Enquirer: 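Handing you a structure now.
One is the number of the first residue; the rest follow in order along the sequence. Everything numeric here is computed off the predicted structure, so don't read it as measured data.
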Amino acid sequence: MSVSPVQPSSVPSSAKIVVLVHGIFRQSKVFYKMKKSLENKGYIVYSPDLFHRWGALGLADLAQQLEKFIEQNIPSETEFDLVGLSMGGIVSRYYLQRLNGAQRVRRFITIASPHLGTWLAYGFPRRTGLEMRPGSRLLKDLNQDLEHLDLDITSIWTLWDFIIVPSQHCCLPVGEVIQVPVLLHGMMAWSDRTIEVVQKRLQEPVSSPKTTRVS
């Protein structure tokens, strides 16, 4: 489900805003349950559809699509929280670290994102997949100055993730790391356990990412 652009001026500066960034294949509809749950808690939730043209575009291109969507929908003076699922977590990091998005974002939550790459990306030999392989140039670039990402950061992961291989590659070395008992990568966005963690983290006071906290 895509979100129709609105005039940024129509969004109150005091609004609780969350942007959900989808993974490689299922687009914004994967957040249907999470979006409804957050809206019931009083959040304004955006979930843009990003298009990689069957892998022809790189993650930086997708981050630019995300940046454009944010500029069109959220007033420049309004802060928001950012949640990235799987590939969406890496796209979000590029937006934060290379497109100055960190100046606007309060909290950054990643769900089953291949921060250190996944071996299954070798099965998708297109540009989008190449950049999610362990040791890719893009991941090395983002990870070399991760300590400068001065945000409230949470990595959510499951031990039974057979898409991000090894599953521990979902865990950033900064911020809070939370393991959830969810079976399979594809259930992470739909699981009540994941949604509960996301809601809790969004409601907690903003904290420093400098120390890794494992829950």
Enquirer: Is there a side-chain contact between Val198 and Val18 (heavy atoms, below 4.5 Å)?
Expert: no

Enquirer: Between Asn143 and Leu139, is there a donor-acceptor pair closer than 3.5 Å when you use the side chain of the first and the backbone of the second?
Expert: yes

Enquirer: If you take all heavy atoms of Ser167 and Thr158, which pair is closest and at what distance?
Expert: CB-O, 3.4 Å

Enquirer: Examine distances only and state if a side-chain atom of Arg107 and a backbone atom of Asp152 form a donor-acceptor pair shorter than 3.5 Å.
Expert: no

Enquirer: Tell me whether Glu131 contacts the main-chain N or O of Leu59 through its side chain, where contact means a donor paired with an acceptor under 3.5 Å.
Expert: yes

Enquirer: Within a radius of less than 6.0 Å around NZ of Lys200, do more than 12 heavy atoms belonging to other residues, nucleotides or ligands occur?
Expert: no

Enquirer: Please tell me whether Met87 and Ile70 are part of a single hydrophobic cluster in this structure, the criterion being side-chain heavy atoms less than 4.5 Å apart.
Expert: yes

Enquirer: Might you work through the side chain to side chain contact (heavy atoms under 4.5 Å, CB included) test for Asp81 and Phe108, ending with a clear yes or no?
Expert: CA-CA 6 Å; Asp81 298 315; Phe108 175 42; over 6 Å; no

Enquirer: Check step by step if side chain to side chain contact (heavy atoms under 4.5 Å, CB included) holds for Leu82 and Leu151.
Expert: CA-CA 11 Å; Leu82 186 61; Leu151 296 173; over 6 Å; no

Enquirer: Please check: side-chain N/O of Ser92 versus main-chain N/O of Gly88, any donor-acceptor pairing under 3.5 Å?
Expert: yes

Enquirer: Does a side-chain heavy-atom distance below 4.5 Å link Val19 with Ile74?
Expert: yes

Enquirer: Nearest 0.5 Å, please: how far is CZ in Arg93 from CG in Leu172?
Expert: 5.5 Å

Enquirer: Going from OG on Ser155 to CD on Glu176, what distance comes out if it is rounded to the nearest 0.5 angstrom?
Expert: 9.5 Å

Enquirer: Which distance, rounded to the nearest 0.5 Å, do you find between the CG of Leu130 and the CZ of Arg137?
Expert: 11.5 Å

Enquirer: Hydrophobic clusters here meaning ILVMFWY residues chained together by side-chain heavy-atom distances under 4.5 Å, can you tell me if Val177 and Leu116 are in one?
Expert: no

Enquirer: What pair of heavy atoms forms the shortest contact from Ala189 to Leu85, and how long is it?
Expert: CB-CD2, 3.8 Å

Enquirer: Are the ring centres of Phe80 and Tyr43 closer than 6.0 Å?
Expert: no

Enquirer: For residues Ile111 and Met34, determine if any side-chain heavy atom of one lies less than 4.5 Å from a side-chain heavy atom of the other.
Expert: yes

Enquirer: A quick test of your reading: do over 12 heavy atoms of other residues, nucleotides or ligands sit less than 6.0 Å from CD of Gln168?
Expert: yes

Enquirer: Might you work through the salt bridge (Lys or Arg N to Asp or Glu O under 4.0 Å) test for Arg53 and Asp61, ending with a clear yes or no?
Expert: CA-CA 11 Å; Arg53 299 180 185 174; Asp61 299 306; over 6 Å; no

Enquirer: Ignoring hydrogens, what is the shortest heavy-atom contact between Ala112 and Met188? Give both atom names and the distance.
Expert: CB-CG, 4.1 Å

Enquirer: Is a side-chain donor or acceptor of Asp49 paired with a backbone partner of Ser28 at a separation under 3.5 angstrom?
Expert: yes

Enquirer: Do Arg201 and Glu204 pass the salt bridge (Lys or Arg N to Asp or Glu O under 4.0 Å) test, and can you show the C-alpha distance, the side-chain angles, and the key distance before you say yes or no?
Expert: CA-CA 5 Å; Arg201 292 297 295 126; Glu204 291 176 348; 2.3 Å; yes

Enquirer: For the pair Gln65 (side chain) and Phe51 (backbone), establish whether a donor and an acceptor sit closer than 3.5 Å, ignoring hydrogens and angles.
Expert: yes

Enquirer: Tell me the closest heavy-atom pair linking Pro114 and Ser86, and the distance in Å.
Expert: CD-O, 3.6 Å

Enquirer: Donor-acceptor pair, Lys16 side chain versus Lys41 backbone, under 3.5 Å?
Expert: yes

Enquirer: With clusters defined by side-chain heavy atoms of hydrophobic residues (ILVMFWY) lying less than 4.5 Å apart, directly or transitively, does Leu149 cluster with Leu99?
Expert: yes

Enquirer: Do Phe162 and Leu120 make a side-chain contact, defined as non-hydrogen atoms from C-beta onward lying under 4.5 Å apart?
Expert: no

Enquirer: Would you say that Tyr94 contacts Leu142 through its side chain, given a criterion of any heavy-atom pair below 4.5 Å between the two side chains?
Expert: yes

Enquirer: For residues Arg133 and Pro125, determine if any side-chain heavy atom of one lies less than 4.5 Å from a side-chain heavy atom of the other.
Expert: yes

Enquirer: Looking only at heavy atoms, which two atoms of Pro134 and Tyr122 are closest? And how far apart?
Expert: CD-CE1, 4.1 Å

Enquirer: Dump the intermediate steps for side chain to side chain contact (heavy atoms under 4.5 Å, CB included) on Asp145 and Arg98, then the final yes or no.
Expert: CA-CA 11 Å; Asp145 57 357; Arg98 299 294 176 260; 3.1 Å; yes

Enquirer: Just by distance, do the side chain of Asp161 and the backbone of Ile164 share a donor-acceptor pair under 3.5 Å?
Expert: yes

Enquirer: Are any non-hydrogen side-chain atoms of Gln199 and Ser37 less than 4.5 angstrom apart?
Expert: yes

Enquirer: Below 4.5 Å, heavy atoms only, C-beta onward: do Ile178 and Thr154 meet side chain to side chain?
Expert: yes

Enquirer: Taking atom CZ of Arg104 as the centre, report whether more than 12 heavy atoms of other residues, nucleotides or ligands fall under 6.0 Å from it.
Expert: yes

Enquirer: Using the side-chain hydrogen bond (donor to acceptor under 3.5 Å, both in side chains) rule, take Thr110 and His115 through it: C-alpha gap first, then chi angles, then the decisive distance, then the call.
Expert: CA-CA 9 Å; Thr110 75; His115 298 294; 3.1 Å; yes

Enquirer: When rounded to the nearest 0.5 angstrom, what distance separates CD1 in Ile195 from CG in Leu38?
Expert: 7.5 Å

Enquirer: Between Ile163 and Leu184, is there a shared hydrophobic cluster once you connect ILVMFWY residues whose side-chain heavy atoms come closer than 4.5 Å?
Expert: no

Enquirer: Determine whether Leu146 and Val174 satisfy the following criterion, side chain to side chain contact (heavy atoms under 4.5 Å, CB included), listing intermediate values before the conclusion.
Expert: CA-CA 8 Å; Leu146 179 61; Val174 295; 4.1 Å; yes

Enquirer: Would you call the rings of Tyr46 and Phe69 parallel, tilted or perpendicular if under 30° counts as parallel and over 60° as perpendicular?
Expert: perpendicular

Enquirer: Using only atom types and a distance under 3.5 Å, with no angle test, would you say the side chain of Ser113 pairs donor to acceptor with the backbone of Cys170?
Expert: no

Enquirer: How long is the straight-line distance from CG of Leu57 back to CD of Gln64, given to the nearest 0.5 Å?
Expert: 9.5 Å

Enquirer: Do any N or O atoms from the side chain of His52 and from the backbone of Leu62 form a donor-acceptor pair under 3.5 angstrom?
Expert: no

Enquirer: In Å, rounded to the nearest 0.5 Å, how long is the span from CG of Asp150 to CD of Gln103?
Expert: 11.5 Å

Enquirer: If hydrophobic clusters are built by linking Ile, Leu, Val, Met, Phe, Trp and Tyr wherever their side-chain heavy atoms come under 4.5 Å apart, do Leu183 and Leu159 end up in the same one?
Expert: no

Enquirer: Any idea which heavy atoms bring Pro181 and Trp160 closest together, and the distance?
Expert: CA-CZ3, 3.8 Å

